Amino acid sequence: MFDYLRYIRERNFPHIWCSGCGDGIVLKALIRAVDKLGISRDEMVMVSGIGCSSRTPGYVDINTLHTTHGRAIPFATGVKLANPKLHVIVVTGDGDATAIGGNHYIHAARRNIDLTVLLYNNYIYGMTGGQVSPTTPRGKRASTAPFGNQEPAFNISDLAEAAGASFVARGDVYHAQKLEKLIVKAVQKKGFSVVEILSPCPTAYGRRNRMAHPVKMMEWLRDQTVPVAKWERLSPEEREGKVRTGIIVDVDKVEYTETNDKLIESLKADK
Amino acid sequence: MAEEQSAAKKPAVIRVKLEWCKGCEICVAFCPRNVLEMEGGKVKVARPEDCTRCMLCELRCPDFAITVE
Ligand code: SF4
Ligand code: SF4
Ligand code: SF4
């Protein structure tokens with residue numbers, strides 16, 4: 001048994017998420033990761049935007065900041081620059097980070113600032129009523145796409161990689177233990193780190209796409225995810241309808257707060 | 001060693017916080033030993049003696065409602 005009570009704000013429970021929502025499973029993996037990392041809670045700040053996943057900071061007993069829609073990364077950037085010693089974790093969703101906050105997402109990756117972004121991907125806007133998000137797969141239904149979504153979806157892990165992130169991983173809540181390990185690695189990594197987390201939304205997504213039951217959504221996650229090592233051996237046809245999970249990018253690059261600190265030091269020396 | 005073995009044989013203690021359980025059935029569906037059941041929209045520990053303490057129910061419960069010791 002893991003003692004989650006040490007880390008949660010118990011008075012806010014039961015939490016607000018719907019029955020079978022994956023966000024609670026992510027929260028637990030995150031808590032176990034924090035425990036494993038052994039970082040003092042005073043040295044950690046969790047920042048979120050708006051959306052179902054962005055409710056996460058309200059449930060954990062660490063320094064938290066609940067900000068505006070799409071702007072979690074800018075707030076987190078400010079926190080990190082003000083005190084680069086802090087471990088700053090951004091909790092956001094597919095709508096928050098890749099639609100409203102899409103520019104912030106790619107430019108923080110380009111800058112390679114040392115933030116950890118936990119990007120819950122539930123393929124839809126849950127909180128506001130099931131609208132299409134940038135990750136809603138083509139053909140899937142949403143309240144704004146009652147006949148099926150016509151648009152191709154963003155692959156948000158590939159997007160982070162292309163924009164310059166130094167660590168990109170994808171996990172899912174069916175494989176909760178693996179997810180915990182990915183979060184640990186992402187926090188330890190110096191540089192912009194993203195963990196895309198596939199987390200089911202039975203209410204807004206499942207109901208419209210023949211997976212209303214939470215168990216159906218978990219089975220779907222189980223069946224569509226393929227570990228990266230196996231993925232490499234699959235043919236393009238076999239990859240159809242599947243997603244790879246595990247570490248996708250892990251490279252060392254120049255990090256933003258370090259160059260910024262150096263600049264400050266050199267300017268001070270010039271005086 | 002003998003002590004370890006007897007500890008391993010002790011039946012698992014599975015606790016459910018019914019006020020937090022939202023009845024999603026995830027723990028029931030994915031328990032490899034069929035230990036859990038649904039009853040009145042909440043989980044019920046039906047066969048604790050079959051539990052292997054794999055912890056999967058605790059890991060995947062979204063509501064912090066089930067623990068295994
Ligand atoms: S609407 Fe969807 S994402 Fe939001 S709490 Fe409910 S199940 Fe979770
Ligand atoms: S610990 Fe494993 S075997 Fe025991 S009840 Fe939970 S899922 Fe079933
Ligand atoms: S997984 Fe948790 S919330 Fe869902 S039925 Fe089991 S104990 Fe209840």
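Predicted, not measured: the structure shown is a model, and the values here were computed from it. Protein chains get the first letters and strands the later ones, always in sequence-line order, with residue 1 at the start of each.
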Legend entry - Residues, nucleotides or ligands: over 12 heavy atoms within 6.0 Å of A:Lys216 NZ: no
Legend entry - Approximate separation, where rounding is to 0.5 Å, of A:Leu5 CG and B:Phe64 CZ: 9.0 Å
Inset, instruction - Report the distance from atom CE of A:Met1 to atom CZ of B:Arg15, rounding to the nearest 0.5 Å. - result: 7.0 Å
Inset, instruction - Return yes when atom CD of A:Gln224 has more than 12 non-hydrogen atoms of other residues, nucleotides or ligands closer than 6.0 Å, and no otherwise. - result: yes
Inset, instruction - Can you establish whether the number of heavy atoms outside A:Ile16 located under 6.0 Å from its atom CD1 is more than 12? - result: no
Inset, instruction - Indicate yes or no: at least one non-hydrogen side-chain atom of A:Phe13 is less than 4.5 angstrom from one of B:Lys17. - result: no
Inset, instruction - Count the heavy atoms belonging to other residues, nucleotides or ligands that lie under 6.0 Å from CD of B:Glu49, then report whether that count exceeds 12. - result: yes
Inset, instruction - Can you establish whether the number of heavy atoms outside A:Arg210 located under 6.0 Å from its atom CZ is more than 12? - result: no
Legend entry - Test item: A:Tyr174 and B:Ile26 side chains (from C-beta on) under 4.5 Å apart, heavy atoms: no
Legend entry - Test item: A:His15 side-chain N/O and B:Pro62 main-chain N/O as donor-acceptor pair under 3.5 Å: yes
Legend entry - Flag side-chain contact, heavy atom, 4.5 Å: A:Val173 against B:Arg60: no
Legend entry - Note, B:Phe30 side chain near A:Val215 side chain (heavy atom, < 4.5 Å): yes
Legend entry - Shortest non-hydrogen separation from B:Lys22 to A:Trp17 and the atoms involved: NZ-O, 2.6 Å
Legend entry - Any donor-acceptor pair under 3.5 Å from B:Glu58 side chain to A:Phe2 backbone: yes
Inset, instruction - Measure A:Ile31 against the heavy atoms of chain B and call it side chain, backbone, both or neither at under 4.5 Å. - result: side chain
Inset, instruction - Could you tell me whether the side chain of B:Leu59 reaches within less than 4.5 Å of the side chain of A:Arg32, counting heavy atoms only? - result: yes
Inset, instruction - Enter the distance from A:Met217:CE to B:Cys24:SG here, rounded to the nearest 0.5 Å. - result: 13.0 Å
Inset, instruction - Would you mind checking which part of B:Cys61 comes under 4.5 Å of any heavy atom in chain A, side chain (CB onward), backbone (N, CA, C, O), both or neither? - result: both
Legend entry - CD (A:Glu238) with more than 12 external heavy atoms under 6.0 Å: yes
